[in-house]
Amino acid sequence: MTTEIEKEKTETSNFLEEIIEAHIAEGRYPGGILTRFPPEPNGYLHVGHATSICLNFGLAQKYGGKCNLRYDDTNPVTEETEYVDSILADVRWLGFEPAGIFYASDYFQQLYDYAIDLIKKGHAYVDDSTAEEIAAMKGTPTEPGKDSPYRSRSVEENLDLFQRMRAGEFAEGSKTLRAKIDMASPNMIMRDPLLYRIKFAHHHRSGDDWCIYPMYDWAHGQSDSIEGITHSICTLEFVPHRELYDWCIEKLGIWPSKQYEFARRNLSYTVVSKRKLLKLVNEGHVAGWDDPRMPTISAMRRRGYTALAIRDWAKRIGIAKRENLVDLSLLEFCVREDLNRLATRAMAVLDPLKVVITNYPDGPGELMEIENNPEDPSAGSRKLPFSNQIWIEQEDFMENPPPKFFRLSPGTMARLKGAYIIQCDEVVKDAEGKPVELRCTYFPDSRSGSDTSGLKPKTTIHWVCGRCSIPGEVRLYDRLFTVEDPANDEREFLELINPDSLKVVPNAMLEASLADGKVGDKFQFLRLGYFTPDPDSTPERPVFNRTVTLKDAWAKAKG
RNA sequence: UGGCCUAUAGUGUAACGGUAGCACAUCAGAUUUUGGUUCUGCCUGUCGAGGUUCGAAUCCUUGUAGGCCAACCA
């Protein structure tokens, strides 16, 4: 039996959990903790968002709290409803249900009222300076900025001007609302940050109700406060914003949400910047946002990654505050571990080589019983047709094998998975000397399950029936980039695309049962890897995506 | 040349002043009707220099390296 102390010992916690545990211990949040996942609906969610989702929802789950989904939709020119829908679908697919679904845009009136309050308290002013002038007066990290000439306007004038901004009396870009803080602050964020800008833009939810929109710094913390978020967790680049986050809440005297920052997790061999992903899609380097090579959640789903594997991965890589580049192999390990447990085994031959068994009766042959999943006896078994004509993998035969090769070659034998042991007697070659057919003999007393032959072939290979297998397309995916960290390479990232990231096998031979595969089903093609049906499949022509290969000691040994 | 954040095996992450662990990766071996799975073992680490202390990855000083901040983006 595991004691509580032992549990604590085995479960290491990250710094955010320590903070939350301390808060719980001191009874700071009697109503429970409340976190939020705050995406801007301006693109598809990617693997980085996935870790953030797992963090925020996971923390809430672990400590008996709740987690909201809040769309940070304060910039109407970049945001679309299409993204709103895909984001929610991705969150749910990952296995989380938001306690509430909110939109920063629903708080526009409240945020406006807060701004009026701030102006009345003398902490904000309307600035007529242009963007260039504001930038020029901002100073630099080493030099203080200069006060705007409009900084000392009266409360009455500010109120009047701000209300008229809202009423649409001023042109876009002609005025802004700014917090009056300190133009000499060593923290650039505190040098009278912009709170509102004028944009005559149609918003995907609020329509044309507003022509002024709040900036991130004015919207985010207050939205947190309105919802009663206890732990507002964001990435490291927002550290300098925390001072402003606290300043706004304090000046307004509203419920104090608190911000905590962690280092975003980066995955090797990929990029996640919106601009770069867009370029990959728009220039046709990939087939779309859900091309299985993309780092988007929708792409990982299409590729066959499971939500459980992604959640497990997020848990394993942990949370900290230092820069990191997480090795893709850990994600692949998590995917394999989950798929090994649940994938139905099947056989498929990607590069078929015909085998004729010369001493086996011609005709339909026998049905061989074969397990569906050795890891899960409850998965049962199926009957696989065997005959004197089968397909095996070209790779499983070598006429002149190197030392450690223990598959088929002239004179050697191999077990056909779930069937008989065969021996290669003769190689038929084409004009170029390429093997096109193997003539083999089988050992009748070596039948799988009732083998009395006493033969011990060095390996077992996969095969499919030469008479009743079905052709299909198989897409083999590999990492999209050739370098670990394409985002931090001197070379243009497009030059770093892996030319072999997709190999299409147009005519693989599949065991007939694979015709019934549905999108979402998970298969292991024996000795090849994990595969999942692609939505491009048709009843006439199944299409499979390779999720990830099996670990392959032979491939490694070959070099 | 300002402010802030960070630095532990190849990678990621623990150790909360008291034996530097774990996972992945790598390598070696056992098992195996998947060169898969499973199991066992090996190798490798506290950025540097001072200081405090009986004792420092941990605290202090300093250096170095990396990151963030001068968008009417989030």
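A note on names: the letters A, B, ... follow the listed sequences, proteins ahead of strands, and every chain is numbered from 1.
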- Task: List for me each residue that meets salt bridge (charged side-chain N to carboxylate O under 4.0 Å, His left out) alongside A/D338, sequence neighbours excluded, and say none if there are none.
- Result: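 Salt bridge (charged side-chain N to carboxylate O under 4.0 Å, His left out) list for A/D338, sorted by chain: A/R341.
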- Distance-only donor-acceptor test (3.5 Å): side chain A/R336, base B/U37: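 Side chain to base: no pair present.
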- Which nucleotide in the list B/G35, B/A14, B/G36 gets nearest to the side chain of A/A320?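 Ranking B/G35, B/A14, B/G36 by closest atom to the A/A320 side chain puts B/A14 first.
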- Message: If I pick the P atom on B/A14 and the same atom on B/A7, what distance separates them, to the nearest angstrom?
- Response: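 Comparing P positions in B/A7 and B/A14 gives a spacing of 10 Å.
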- Give a yes/no verdict on a cation-pi contact between A/R178 and A/Y125, requiring under 6.0 Å between NZ or CZ and the six-membered ring centre and an angle within 45° of the axis.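 No - A/R178 does not lie over the ring of A/Y125 by the 6.0 Å and 45° rule.
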- Message: Dot-bracket, 5' to 3', for RNA chain B please: Watson-Crick or G-U pairs under 3.5 Å, [ ] where pairs cross earlier ones, | where the partner sits on another strand, dots elsewhere.
- Response: .((((((..((((....[..))))..((((.......)))).....(((((..]....))))))))))).....
- Query: Any donor-acceptor pair under 3.5 Å linking the side chain of A/D396 with the backbone of A/R407?
  - Reply: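 Answer holds: no.
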- Message: Please tell me if A/T140 has a side-chain N or O lying less than 4.0 Å from either OP1 or OP2 of B/G2.
- Response: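 No, because none of the side-chain N or O atoms of A/T140 sits under 4.0 Å from OP1 or OP2 of B/G2.
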- Query: Reckon A/S329 has a side-chain N or O less than 4.0 Å from the OP1 or OP2 of B/C24?
  - Reply: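 Negative; the distance criterion is not met.
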Show the nearest heavy-atom pair for residues [X] and [Y], with the distance to one decimal.
X: A/S453; Y: A/S446; value: OG-CB, 3.8 Å
X: A/M183; Y: A/M137; value: CE-O, 3.3 Å
X: A/L526; Y: A/H462; value: O-ND1, 3.5 Å

- Query: Rounded to whole angstrom units, what separation is found between the CD atom of A/E237 and the P atom of B/C5?
  - Reply: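 Going from A/E237 (CD) to B/C5 (P), I get 16 Å.
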- Item | Interatomic distance, A/W554 CH2 vs B/G36 P [rounded to whole Å] |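 A/W554 atom CH2 is separated from B/G36 atom P by 13 Å.
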- Message: Is A/Y216 stacked against the base of B/A74, taking the criterion as centroid distance under 5.5 angstrom and interplanar angle under 30°?
- Response: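 Check failed, A/Y216 does not stack on base of B/A74.
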Below 3.5 Å is the cut-off: list the nitrogen or oxygen pairs between protein and nucleotides 59-67 of chain B, distance only.
unit_1 : atom_1 : unit_2 : atom_2 : d
B/G67  : O2'    : A/E323 : OE2    : 3.3

